Participant: 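I'd like to ask some things about the structure below.
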Amino acid sequence: MAAADSSSAALRRRDLCSRGIRLAGKMRSDVIDLLDTYVERQGLDASASVAVVEGVPVAAVERWDEQTGTQRLLENLAAYRAFRALLAQMLEEQREQLGEADAALGRALAAVLLQVSAFAYHLEELLRLESRGPPSEEGAGPPPPSHLGLFERKLWGLGVLRELAQWAVRSARDLRQLTKPSPGSSLAPSPAESP
Amino acid sequence: MFSGWNWVAHCLYLLLNICSLEVSGGLVQSCGHIIPESPVLALGSNFTALCILNESCLDFGNIYANQIIWKIKNKVVPKEQYREINRTVSSVTFNDTSSLATPLTCNILADGQIEQNIYGITVTIGLPPEKPKNLSCIVHQVSKLTYPMTCTWNPGRHTFLDTHFRLKYRWPQENFPDCIPKDVNNSCTIADVQFFVNLEVWVEAANALGKAESDPLVIDPIEIVKPLSPHNLSVNSGILPTVLKLSWENRISVAVMKLKFNIRYRIIGDTNWMQVPPEDTASPRTSFSVQGLRPYTEYVFSIRCMKEDGVGYWSDWSEEKTGVTTEDKPSKGPAIWRIIDASCSPASWTVHLMWKALEPFEASGVILHYEVTVRAKSSLSSPPEKYNVNTTNLTLKLPNGTYEVTVIAHNRVGASPPSVLLIPASNTKAPVKNVRTLPKDGKLWVGWTAPNSYVLKYVIEWCLVSNSSDCTIEWQNEPGNIQGTYLKGDIKPFKCYLITVYPLYADGQGSGQSVKAYLQQDRPSKGPTVQTKKVGKAEAVLTWNHLTVDEQNGFIRSYTIFYKTIDGNETAVTVDPSKTEYTLSSLTSDTLYTVRMMAYTDEGGRSGPDFTFTTQKFGKGEIEAIVVPVCLAFLLIVLLGVLFCFNKRDLIKKHIWPIVPDPSKSNIAQWSPQVPAKHNFSSKDQMYPEGSFTDVSVVEIEADDKKSFSEQDLKPFDLLKKEKSTSEGHSSGIGGSSCMSSPRQSVSDSDEGETTQNTSSTVQYSTVVLNGYRDQTPVQVFSRSESTQPLLDSEERSEDHAGGSDSTTQRQQYFKQNGGQDETNTDRPCFERTKQITPANEGDLVGFAQLQISGQSSQLLGLGLEKNTQEAALLGVLQTSTEGQTVRPETVEGNPLSVDEMPKSYLPQTVRQGGYMPQ
């Protein structure tokens, strides 16, 4: 019975990892497209550099390959929960600013928001499979940068999307790392998936 | 009295109650109400309604629950379904709501007489929704980023109620707004879905009677995607003539879905698609090189895609794009054949070389020209003749012999392999056997039995056989290992084709074996035209011509001859189609027959025109069998008659040829011509004293005894008598009688002989005393004889003859004078009468002549009636013959009178006086 449960959990984990990787890839692709649309609609320059954005988790990490699976999942979950709040805020601001005039941008933002939410669900499910339930969400995420001006808010949104694109790449790699056999893990190696 | 007031008050109350309801809309309460109010009921369920009366109505209106009547529409519900719960409440129960209808009313009978409506409700009957079934979803990609998902389901039975369907879907951690169908109840489209997360989808149906949900469908939408087909397909020819490279763009991101492909292609104009092996295109790509194509051929390509793992749906086929492969050398030489015409010269042939243009897949390009090489096999030393030809035929005049003809096709890339044909001196090789044809699938199949020797290939020649056009030969080549093929050409139905199969060997060819065939047969377009060649009493020989090949429309299998009489049954006779003649026998003689003929093919027959003929009354030889004996019998009778007459000639002569009195013995002989006035005879008795002419009485007897002649023969005598009697008062002398006796002379002078005869035969004898007789001087004096004895023809003729030419002149004068006198009186009637008489006279004359010369040959008798030119000779004969008979010699010799010597004038005769007056 326990073996059956273990096998089922392994399949479930592999399935979640597999689809998570593809979702991350799809999310990255969509975010890239959204970035183009965002830059165009907000009147920004695609080459505009955005420094560290307040409240946005950074994808870059030192000693990435030394992280454990659970650690990767937790970091990812935290990041995507943050992005879910940020994107929801961006969507609301976009609707306030542009109203229904730019429905395409709104739809694209909503789609990415859904993917972020779905990916967070994947991560939570994986954490449950790790016999470690997902941490509870701490509040509603980072407060909106109300002190910023309109242009800065646009740049802030550009920074959020760029960082999300980075996170999509990292998440795919993290999940692929999770699918690799590790000592003490009964998971069979899954076929390589690229985002 | 009280009750009457009470009743009036009750009515007023009810009236006010009703009016107040209508006017104030509820300010005044009604006398009751029904529970439940407007229920929605499930079909087939039971239902109970309560009618509750207001207390206020009880006291004033004397209305109680036991007076309640329930009605459905206007139909009273049976009281068995009522139940009085208390004095104000009545219930009605329906075990099956299907018997319910709207409205259901509660009524009362006021004072047991007036029915009043208290309340009514609307009842709605329907069914609760069924659980939606067969939920399925598909994600249609409509753009690169848009993936609407359409779900369909079976809504179940009709509920008769307003039923709402909702498509619900959710993620485990997130709910989404419901999808509400528009205008339909079995599908709904979710605008956009996200992939790689399981989506739970279900359908909820709800109406007033309940709610039902379908089984949930949990699916990752990525697994039900029907992607957009690849686009911007392009086809480029590669380096090789058998390869084309396809390129395209995918409209779905690799991040979303990895794709596999199907590539199909066909030659343009062809309808059948070929497909690249799926395993060759089972991985994501945007280009593919299709190999194994035909050179210089235009292809059409199309492509589709689906998720690489095969989960989901294939896209539609992309738009079609065409590409042409590059040229290559012709893959084979053209098929070659020949027609040898040896009729021009015995020492040489006219050879018509023909070859087929290569099919496009064989030509592998544009054929620029053909190279024809003719090499004489007998003289290897002589160089081969080469010809470059742009057409597909070549006519050569070659000396008799064996030749090897080679044809090579050239295109821009190169030359084809050579096609070789031997033109042999004679077709001495083994032919094929048992050539046969079979129409099949609208084409004509030709089969044959191969000869024992190895055959390189076969040539099948065919041409349309027609009366209106020449046999234009078409042909085709077939490989030597087959024994049947379809004719590759425009084979028309109902046309006759002559098909010949030639086997070609490595060292020559066999003789052709031919067969005629039709792709499809029909009835003949017309039937044979039959006619009779010979018709007999009981048989008729019918002939007809074969139908022309254009009229046959098929193989004539038989002819059928139908013949019948007008009222008889039709008889049919089947005739072999090779025949053109048939004899109908056992026919009825002298009967009209109608005959027609039908020609039959395998598909039926057609009749030709009707022909009628009548069989003969007598058979062959029957008429001859009747006529010949009759003629012989007639001749025998005639002969017997002649013999009889010959034997009885004396008796006949006595009766019809009396002895003519000798004029020389007449008493007129004593009359002197110089003193004619002295001869004033007053009567016959004076002229002919009794006893001097015994024979005169014979003439008179003849007249009486005319019955011995035929009536026709006697007619002239009657007429003469009549004329004589009539001329007594008008005419005078010989002029009147001359008119009667010689009518032709009044028309023409040329018939002197006849005139003379007529005169001699009809005119009473005149006793003429010629002075010139016996060398006496002729005196122009006439004396009329009273005798009616006709003159003998021979005698008159001898007189004519003796008269010579002078007599003609005299007679002319005589008739002139005569005509002058009778011109107005007798000329015309005389002529008309004479016309009728003349034949009789002539016949009469014949009769006389025959009698005269009875015992002579008939030839002589005929000659006696010849014209004047022959009369002289005839006269001699007659005289001679007469002399040999019993005619008295003195009659002839003693008749010296000659008409020619008749006097040039005459004396008018006064008959009554019996004498002549000098002119």
Side-chain angles (χ1 to χ4, degrees), chain A residues 12 15-37 77 80-81 84 87-88 103-128 134 136-137 165 168-169 171-172 175 191-195, chain B residues 139-149 168-179 189-201 218-225 227-228 249-260 282-286 306-312:
Chain A
R12 171 73 175 154
D15 177 60
L16 283 171
C17 286
S18 170
R19 287 199 285 161
I21 291 166
R22 294 168 69 184
L23 179 57
K26 169 78 164 48
M27 191 162 52
R28 181 179 175 275
S29 172
D30 289 353
V31 170
I32 298 295
D33 290 338
L34 177 60
L35 273 171
D36 292 340
T37 306
L77 180 60
Y80 282 98
R81 282 177 173 172
R84 187 164 59 191
L87 287 172
L105 182 59
R107 280 199 300 272
L109 269 173
V112 170
L113 174 58
L114 278 175
Q115 290 172 42
V116 168
S117 178
F119 195 77
Y121 166 73
H122 273 285
L123 296 173
E124 289 169 1
E125 287 295 304
L126 283 169
L127 282 171
R128 285 193 190 96
S136 60
E137 291 192 59
V169 176
S171 298
L175 291 178
E193 296 281 355
S194 61
Chain B
V139 175
H140 290 277
Q141 184 191 10
V142 295
S143 72
K144 190 171 183 180
L145 298 175
T146 311
Y147 299 90
M149 183 175 77
K168 292 178 169 287
Y169 61 106
R170 69 182 179 194
W171 282 344
Q173 79 287 9
E174 190 161 352
N175 289 320
F176 298 102
D178 295 340
C179 177
T189 299
I190 301 169
D192 200 5
V193 292
Q194 299 301 319
F195 299 131
F196 311 117
V197 183
N198 281 342
L199 190 67
E200 185 181 3
V201 184
V218 179
I219 190 169
D220 185 347
I222 196 67
E223 294 173 350
I224 52 172
V225 173
L228 284 172
E249 294 177 16
N250 295 318
R251 285 187 281 186
I252 192 166
S253 167
V254 177
V256 176
M257 189 186 289
K258 290 182 180 177
L259 297 173
K260 64 177 182 180
S283 57
R285 61 184 63 238
T286 56
M306 76 175 297
K307 195 161 174 279
E308 186 184 21
D309 57 7
V311 178

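Side-chain atoms are counted along with the backbone in the values below, which use heavy atoms only and exclude waters and symmetry mates. Remember, predicted model here, so these are calculated numbers, not experimental data. All chains are named by letter (A, B, ...) in the order of the sequence lines, taking the proteins before the strands, and each is independently numbered beginning at 1.
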Participant: Taking all atoms of both residues into account, what is the closest heavy-atom pair of A:Leu114 and B:Gln194, and its distance?
Facilitator: CB-CG, 3.7 Å
Participant: Looking at side-chain heavy atoms only, is the closest gap between B:Val197 and A:His122 below 4.5 Å?
Facilitator: yes
Participant: B:Phe195 and A:Leu23: which non-hydrogen atoms are nearest, and at how many Å?
Facilitator: O-CD1, 3.6 Å
Participant: Testing the basics here: between A:Ser117 and B:Glu174, what is the closest heavy-atom pair and its distance to 0.1 Å?
Facilitator: OG-OE1, 2.9 Å
Participant: Any idea which heavy atoms bring B:Ala255 and A:Ser29 closest together, and the distance?
Facilitator: CB-CB, 3.9 Å
Participant: Could you have a look at B:Ala191, B:Pro172, B:Ser253 and say which one has the most heavy-atom pairs with chain A under 4.5 angstrom?
Facilitator: B:Pro172
Participant: Where do B:Phe196 and A:Lys26 come nearest, in terms of heavy atoms and distance?
Facilitator: CE1-CB, 3.6 Å
Participant: Can you see which heavy atom on B:Val256 is nearest to which on A:Arg22, and at what distance?
Facilitator: O-NH2, 4.0 Å
Participant: With respect to chain A, which residue among B:Asn198, B:Asp192, B:Thr146 yields the maximal number of heavy-atom pairs within a distance under 4.5 Å?
Facilitator: B:Asn198
Participant: Answer with side chain, backbone, both or neither: which region of A:Asp30 has an atom nearer than 4.5 Å to a non-hydrogen atom of chain B?
Facilitator: side chain
